[in-house]
Each structure stands twice: as C-alpha cells, then as structure tokens.
K.L.:
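Got a structure here, written out as structure tokens. Questions coming.
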Amino acid sequence: MKFIKKIPLFFAFFLLFSCDEFQLSDSEIAAGLKSALEFGSKYALNTLNKEDGFLLDQAVKILLPEDVATIVKQISAVPGFGTVIKEIENQLVLTINRAAEASIEGVIPIVVDAITDMTIQDAKSILFSSNEIAATDYLRGKTYQPLCNVCRSVIEDALNKKIVLNTSAQDVWKNFTNCYNTVAAIPLVKLDPIETNLALYTTQKALDGVYVKIGDEEVKIRTDVNARVTDLLKKVFGQLD
C-alpha cells in the first residue's frame with residue numbers, strides 16, 4: 001500500500017525532471033534561431049550570387065519597369081520596329097539581372113552581422129510569431145538601407161560597363177528614354193515622361209529578390225522538419241510543430 005502511494009509522487013518527479021531536461025533556455029532559442037537564419041540566408045544568397053541566379057529564377061527575375069515595358073510592347077507592334085526593340089529589351093533585361101547578381105557578394109556579411117546582433121528577446125518574439133517570415137521582416141528592417149547603399153554602388157558600376165559595341169546598359173537606357181521623353185514633351189502627344197532611375201530601380205528589385213529568397217528558406221525551416229539539419233534546430237523549431 002505504501003508503494004502504491006509513492007507512485008504518484010514518483011510520477012510527478014519524473015515529469016518535472018523531463019520538462020526541465022527538454023525545456024530550452026532563452027540563449028538556446030536565440031542560438032537556434034540565429035543558426036537557422038544564418039544557414040538559410042547564406043544558402044538563399046548563394047543561389048543569387050551566380051550567373052543566372054536572378055535571370056533564370058522567375059520568382060526574382062528583374063524585368064523592365066512597368067511603364068517602360070508597356071511602351072516597349074506598344075512600339076514592338078509598329079511594323080519594322082519589333083525586332084529592334086525586342087533586342088534592346090533583351091539586352092537591358094540581361095544586363096540589369098547580371099548587375100543584380102554581381103551585387104550579392106556584398107550582401108552576405110551585412111546580413112550575417114544583423115543576425116549576430118539580434119537580441120535574445122528579438123529571437124524569442126520572432127520564433128513564436130504567427131508571421132511565417134518574421135525573421136525575414138526583421139532582417140529587412142535592419143539591413144535594407146545598408147544593403148541599398150552597397151548594392152547600388154556595384155549595380156551602377158555594372159550598368160556603366162561597355163558590353164556590346166562599346167555601349168553600356170545605361171547608354172541604351174538613356175538613349176531610349178531621352179528619345180521617348182522628347183516625344184512625350186510635345187504638347188499634343190500627351191504622354192507621361194519616363195523618370196525611372198535604372199540603377200535605383202535595379203537595386204530595389206535586387207533587394208526584393210534577396211528578401212524573397214531568405215523568406216522562402218525561413219518558411220521551409222519553420223514548416224519542414226527535414227530542413228532542420230542540426231540537433232539544435234530540431235529542438236528549437238520542434239516547439240512550433
């Protein structure tokens with residue numbers, strides 16, 4: 001009878017011991033989230049930091065600005081202009097995507113620094129957020145402006161390189177927009193001018209692609225147990241299952 005009375009006490013002790021054993025500390029949670037973010041971010045960025053990383057990925061491929069794409073489509077329909085304008089479009093799209101790809105090398109250290117500087121409280125709120133890309137949104141807030149500065153410098157250099165017939169993407173862009181804006185300025189024409197800054201536009205689109213790819217990796221590690229490649233990641237993100 002005495003043995004039977006001791007069973008509940010023993011069982012309670014076992015449960016208490018088990019909870020303590022598997023409960024994660026705040027520092028473990030922070031370490032796990034940082035590890036996941038660094039792994040996912042580096043993987044995502046390395047997919048972009050290579051030839052065709054942007055160009056052949058439809059999720060992040062950079063197309064011409066919407067207003068310019070509309071104009072190009074209209075001009076292409078004019079007999080005799082279709083082939084020429086298509087070649088210009090293809091060259092611009094190729095070049096801006098190559099410029100974006102070249103800019104990614106400078107992105108990685110800035111993202112990693114932001115992850116390293118994350119506080120334990122930040123990590124906890126991010127991990128248990130209902131937002132599946134909470135960490136990505138955090139990184140966007142911390143890194144967007146520094147990345148914009150770094151990427152724009154690289155992208156401007158790439159767009160100014162003489163590639164085909166001693167002509168750069170910026171040369172093609174300026175010739176095209178200047179001709180169009182000259183026509184648009186005629187009072188009877190009533191067209192809006194093209195005011196897009198190609199380097200700034202490409203930079204913004206490149207960074208959109210960066211956060212899209214990082215977000216994809218974050219969702220994967222939150223929802224797919226097979227994406228948790230270390231014991232710490234399994235323990236930390238297992239709390240979300």
Side-chain angles (χ1 to χ4, degrees), residues 33-66 68-69 89-118 122 126 131-164 167-173 196-222 224 227 229 233:
L33 183 67
K34 289 182 180 183
S35 175
L37 268 180
E38 184 170 347
F39 176 84
S41 297
K42 285 182 176 178
Y43 176 82
L45 295 173
N46 283 329
T47 65
L48 298 176
N49 184 29
K50 60 184 181 181
E51 186 171 299
D52 294 332
F54 276 89
L55 188 65
L56 296 186
D57 187 336
Q58 294 305 311
V60 295
K61 180 180 180 180
I62 305 174
L63 303 176
L64 294 182
E66 189 173 339
V68 178
E89 179 184 15
N90 289 342
Q91 187 60 43
L92 283 172
V93 169
L94 173 64
T95 308
I96 61 180
N97 280 276
R98 288 286 183 264
E101 291 155 9
S103 72
I104 298 301
E105 187 173 350
V107 170
I108 297 175
I110 294 175
V111 170
V112 170
D113 283 348
I115 294 169
T116 302
D117 292 341
M118 183 184 293
D122 285 335
I126 288 169
N131 176 8
E132 284 193 325
I133 57 168
T136 304
D137 287 346
Y138 170 89
L139 287 179
R140 182 189 287 270
K142 294 291 184 179
T143 64
Y144 188 89
Q145 195 53 55
L147 290 183
C148 192
N149 296 336
V150 168
C151 291
R152 184 167 179 177
S153 176
V154 175
I155 285 171
E156 284 181 338
D157 288 344
L159 294 178
N160 282 313
K161 284 183 179 177
K162 308 295 183 180
I163 298 176
V164 180
T167 302
S168 69
Q170 284 286 23
D171 292 335
V172 174
W173 180 257
T196 303
N197 180 306
L198 187 62
L200 178 58
Y201 168 80
T202 304
T203 300
Q204 292 169 338
K205 289 297 182 180
L207 292 184
D208 286 347
V210 163
Y211 298 117
V212 164
K213 301 305 283 187
I214 292 176
D216 288 346
E217 293 304 310
E218 180 181 358
V219 171
K220 189 185 301 180
I221 206 164
R222 282 180 180 272
D224 183 359
V229 294
L233 294 185

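The residues of the chain are indexed from 1 along the displayed sequence. Keep in mind it's a predicted model, so treat the numbers as computed, not measured.
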K.L.:
Any idea which heavy atoms bring V60 and F54 closest together, and the distance?
P.N.:
O-CD2, 3.4 Å
K.L.:
So does E217 pair up with K213, basic N to acidic O under 4.0 Å?
P.N.:
no
K.L.:
Would you say CD of Q204 has more than 12 non-hydrogen atoms from neighbouring residues, nucleotides or ligands within 6.0 angstrom?
P.N.:
yes
K.L.:
Between L48 and G53, what is the shortest heavy-atom contact and its length?
P.N.:
CD2-O, 3.7 Å
K.L.:
Could you check whether N160 and E156, counting side-chain N and O atoms only, form a donor-acceptor pair closer than 3.5 Å?
P.N.:
no
K.L.:
Kindly give the heavy-atom pair with the smallest separation between V107 and L147, and that separation in Å.
P.N.:
CA-CD2, 3.7 Å
K.L.:
Should the heavy atoms of other residues, nucleotides or ligands under 6.0 Å from NZ of K205 be counted, would the total exceed 12?
P.N.:
no
K.L.:
For Y144, is the OH atom crowded, meaning more than 12 foreign heavy atoms sit under 6.0 Å from it?
P.N.:
yes
K.L.:
Over all heavy atoms of both residues, which pair between N49 and E105 is shortest? Give the atoms and the distance, please.
P.N.:
OD1-N, 3.8 Å
K.L.:
Using the rule given for side chain to side chain contact (heavy atoms under 4.5 Å, CB included), can you reason through K61 versus N97, listing the C-alpha separation, both sets of side-chain angles and the distance that settles it, and then say yes or no?
P.N.:
CA-CA 7 Å; K61 180 180 180 180; N97 280 276; 4.0 Å; yes
K.L.:
Rounded to the nearest 0.5 Å, what separation is found between the CD atom of E51 and the CZ atom of R98?
P.N.:
4.0 Å
K.L.:
Could you please spell out the steps behind the side chain to side chain contact (heavy atoms under 4.5 Å, CB included) verdict for L94 and N90?
P.N.:
CA-CA 6 Å; L94 173 64; N90 289 342; over 6 Å; no
K.L.:
Can you give me the closest heavy-atom contact between C151 and L207, atom names plus distance?
P.N.:
SG-CD2, 3.9 Å
K.L.:
Would you call R222 and E218 a salt bridge, taking side-chain N to carboxylate O under 4.0 Å as the test?
P.N.:
yes
K.L.:
Quick check for you: to the nearest 0.5 Å, what is the distance between I62 atom CD1 and Y201 atom OH?
P.N.:
7.0 Å
K.L.:
Passes side chain to side chain contact (heavy atoms under 4.5 Å, CB included), N197 versus R152? Steps please.
P.N.:
CA-CA 11 Å; N197 180 306; R152 184 167 179 177; 3.4 Å; yes
K.L.:
Drop me the distance from L233's CG to L33's CG, to the nearest 0.5 angstrom.
P.N.:
9.5 Å
K.L.:
With rounding to the nearest 0.5 Å, note down the distance linking CD1 in I126 to CG in L37.
P.N.:
7.0 Å
K.L.:
Kindly compute the distance separating CD1 (I110) from OG (S41), expressed to the nearest 0.5 Å.
P.N.:
13.0 Å
K.L.:
Any heavy-atom pair between the side chains of I133 and N131 that's under 4.5 Å?
P.N.:
yes
K.L.:
For the backbone of V150 and the side chain of S153, can you confirm whether one donor and one acceptor N or O come within less than 3.5 Å of each other?
P.N.:
no
K.L.:
Heavy atoms only: give me the nearest A99-I155 pair and the separation to one decimal.
P.N.:
O-CG1, 3.6 Å
K.L.:
For the pair V210 and V212, evaluate side chain to side chain contact (heavy atoms under 4.5 Å, CB included) and give the outcome as yes or no after the intermediate values.
P.N.:
CA-CA 6 Å; V210 163; V212 164; over 6 Å; no
K.L.:
Is there a side-chain contact between T196 and W173, using heavy atoms and a 4.5 Å cut-off?
P.N.:
yes
K.L.:
Is it true that the side chains of Y211 and T143 contain a donor and an acceptor less than 3.5 Å apart?
P.N.:
yes
K.L.:
Verify whether one side chain among S168 and D171 offers a donor that lies under 3.5 Å from an acceptor in the other.
P.N.:
yes
K.L.:
Roughly how far apart are E101 CD and D57 CG, rounded to 0.5 Å?
P.N.:
10.0 Å
K.L.:
Hey, does the side chain of S103 reach the backbone of A100 with a donor-acceptor pair shorter than 3.5 angstrom?
P.N.:
yes
K.L.:
Looking only at atom types and distance, does a side-chain atom of K42 sit under 3.5 Å from a main-chain N or O of I108, one as donor and one as acceptor?
P.N.:
no
K.L.:
Please answer whether the main-chain N or O of L55 pairs with a side-chain N or O of D52 as donor and acceptor at a distance below 3.5 Å.
P.N.:
no
K.L.:
With side chains defined as the heavy atoms from C-beta onward, is the minimum distance between R140 and D208 less than 4.5 Å?
P.N.:
yes
